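Just so it is clear, the model here is predicted, and its values are computed rather than measured. Note on naming: letters A, B, ... go to the chains in the order of the sequence lines (proteins, then strands), and numbering restarts at 1 for each one.
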Protein chains: 2
Amino acid sequence: MPAPDSITDKLDQIQSGRESRGQRTRLGLQEAALRLLGHDKSFSSLSLREVTREAGIVPTAFYRHYQTMEELGQDLVADSFRTLRQMIRSVRTDGLPSSGNMIQGTVQVLVQHIHANRLHFQFIARERFGGYSSLRVSIRDEIHAFGQDLATDLARFPILNRWDPESVQMLTTLMVNTMVSIAEQILEAPANDAAAEAEIVRRAERQMVFLSLAVPAWKPKAAKPA
Amino acid sequence: MPAPDSITDKLDQIQSGRESRGQRTRLGLQEAALRLLGHDKSFSSLSLREVTREAGIVPTAFYRHYQTMEELGQDLVADSFRTLRQMIRSVRTDGLPSSGNMIQGTVQVLVQHIHANRLHFQFIARERFGGYSSLRVSIRDEIHAFGQDLATDLARFPILNRWDPESVQMLTTLMVNTMVSIAEQILEAPANDAAAEAEIVRRAERQMVFLSLAVPAWKPKAAKPA
DNA sequence: TGTACATCAGTGAACGCGCGTTCACTGATGTAC
DNA sequence: TGTACATCAGTGAACGCGCGTTCACTGATGTAC
């Protein structure tokens, strides 16, 4: 029995144009759904027929790829967070753009990434507490995993390295909440309003600075054993 | 021309059983919609016929009260935040339950209120980034107003009273974000799981304490003129 | 490389269903006298 | 308090529509030889 395509294989195939007709249509369905989300609709209110119409295939062909719309939604969740993880990974290897100020650099990377993947973020924001409960669960788990990644990165700071895990997690939760809030504000702001966006970014940076001020004052429960 | 019923008038009538048939049915539609939201559905995916069926009237009677489902949604938003404001007002006059610890008292009141108005909170959480853009706008505005109220209350603390308004707003935003996050976690947790909920509350309290630790370290832009 | 054939992906007609909305109606409610 | 009447709220039939899903089909793709 041949191993199923790994994500990397799939990406390779897509990038080199070697993907099969089936894979192309499947991708077409995903992109069609995302495109429709741009028109102020939530995924859960999209109909199967709408998506296939947008994708340029007949409704019945949908079933060759997914059994339900919910399955398609799961693919979109996976996709959205895959690109998010890629971003984190590239920051980890290449560092932040303006390495002088960590907070500004982080916010800047996040905002750029939101712009580059606007529809993915819109999808996640809408479905985080939206219609399909299975999508809500997946998204919550992915956001949690994102927080764990962040905690690992933060552990490189000497002071945080001495904190108990729960305290670190508390800090990452606050930071992730702030980032989620940034994303949601940017998505809700009128697109291409640079002034409004700069204001959101400025306020977000102030919030992150404020959070960082509490770090030295926090008394973790017990010092981590060396 | 007679003045339209104020909210207080309406409440008076409802409480004293003097409301007209029309008002009763209108209320019945609101309650029917809320009830349906308990079954893991979002308001935007509710159909007019579902709501009237649940309310025990014929679909066409809906139009005697609302032109669209969106209008009904606006009523629900107004209702949800009205009860929230009542809660704040009662805390303001009666004080917090365990007045020794402000943070614990605040979280406790919030959690109690969420339980007492679970469906309203569920509605707000689902529609905050959900289907109808007019509801999104209303909810955002109401949350903003809630933050302004909180800012007023916080201004009674001497140290915050000397902060510039923007700094106070930044703090309230962080606190409101945390409260919203608490609400969302409690709604997503399995109902009646006391242990899980206690854990959410404990973590929330720690987050609030952490936020408060940054307060003395924050340097506001300019001292407020006395 | 060329052919035969199996599998895979897209087609198009058809179905029954719940939807929002219209309309003319009926009966309940409230008011004027 | 009792009656006449206007207004208001709920009814029930009907409509056209888009929906998800079924089915037998056709043509494209990929594989074995």
Can we say B/Glu184 and A/Arg136 salt-bridge, meaning some charged N sits less than 4.0 Å from an Asp/Glu carboxylate O?
no

Here the distance between atom P of D/dA9 and atom CD1 of B/Ile57, to the nearest Å, is 12 Å

**Asked** Within the pair B/Arg53 and C/dC19, is there a side-chain N or O less than 4.0 Å away from OP1 or OP2?
**Response** yes

Rounded to whole Å, OH of B/Tyr66 lies from C1' of C/dT21 at a distance of 19 Å

- Message: Check B/Arg85 with B/Glu142, please: is the shortest side-chain N to carboxylate O separation under 4.0 Å?
- Response: yes

Partner of C/dA4 under the Watson-Crick or G-U wobble criteria, both distances under 3.5 Å, comes out as D/dT31

Just checking A/Tyr63: base, sugar-phosphate only, or nothing, at a heavy-atom cut-off of under 4.0 Å? base

Report task. Using a strict cut-off of less than 4.0 Å between a Lys/Arg side-chain nitrogen and an Asp/Glu carboxylate oxygen, indicate whether B/Arg202 and B/Glu199 qualify as a salt bridge. Result -> yes

Distance-only donor-acceptor test, B/Thr60 side-chain atoms vs D/dG12 base atoms, 3.5 Å: yes

When rounded to whole Å, the CZ to P distance for the pair A/Arg49 and C/dG12 reads 13 Å

When A/Gln67 and B/Gly22 are each assigned the nearest nucleotide of DNA chain D, the 5'-most assignment goes to B/Gly22

Regarding the side chain of A/Arg21, the nearest nucleotide among D/dC19, D/dA28, D/dA9 is D/dA28

ask   = Taking NZ, NE, NH1 and NH2 as the nitrogens, is one of them in B/Arg126 or B/Asp40 under 4.0 Å from a carboxylate oxygen of the other?
value = yes

Taken to the nearest whole Å, CZ/B/Arg64 to P/C/dT29 is 15 Å

When rounded to whole Å, the CG to C1' distance for the pair A/Leu46 and D/dC19 reads 13 Å

Taken to the nearest whole Å, CD/A/Glu71 to C1'/D/dG20 is 15 Å

Taken to the nearest whole Å, NZ/B/Lys41 to C1'/C/dG18 is 11 Å

When rounded to whole Å, the CZ to P distance for the pair A/Phe62 and D/dC19 reads 13 Å

Taking a pair to mean Watson-Crick or G-U wobble geometry with both distances below 3.5 Å, D/dT21 pairs with C/dA14

Closest to the side chain of B/Ala61, out of C/dA9, D/dT11, C/dG12, is D/dT11

Testing D/dG12, D/dC19, C/dG10 for proximity to the side chain of A/Glu50, the answer is D/dC19

Sorted by position of nearest nucleotide on DNA chain C, 5' first, the leading residue of B/Arg24 and B/Leu48 is B/Leu48

Exercise. For the side chain of A/Thr25 and the backbone of A/Gly28, is there at least one donor-acceptor N/O pair under 3.5 Å apart?
Worked result: no

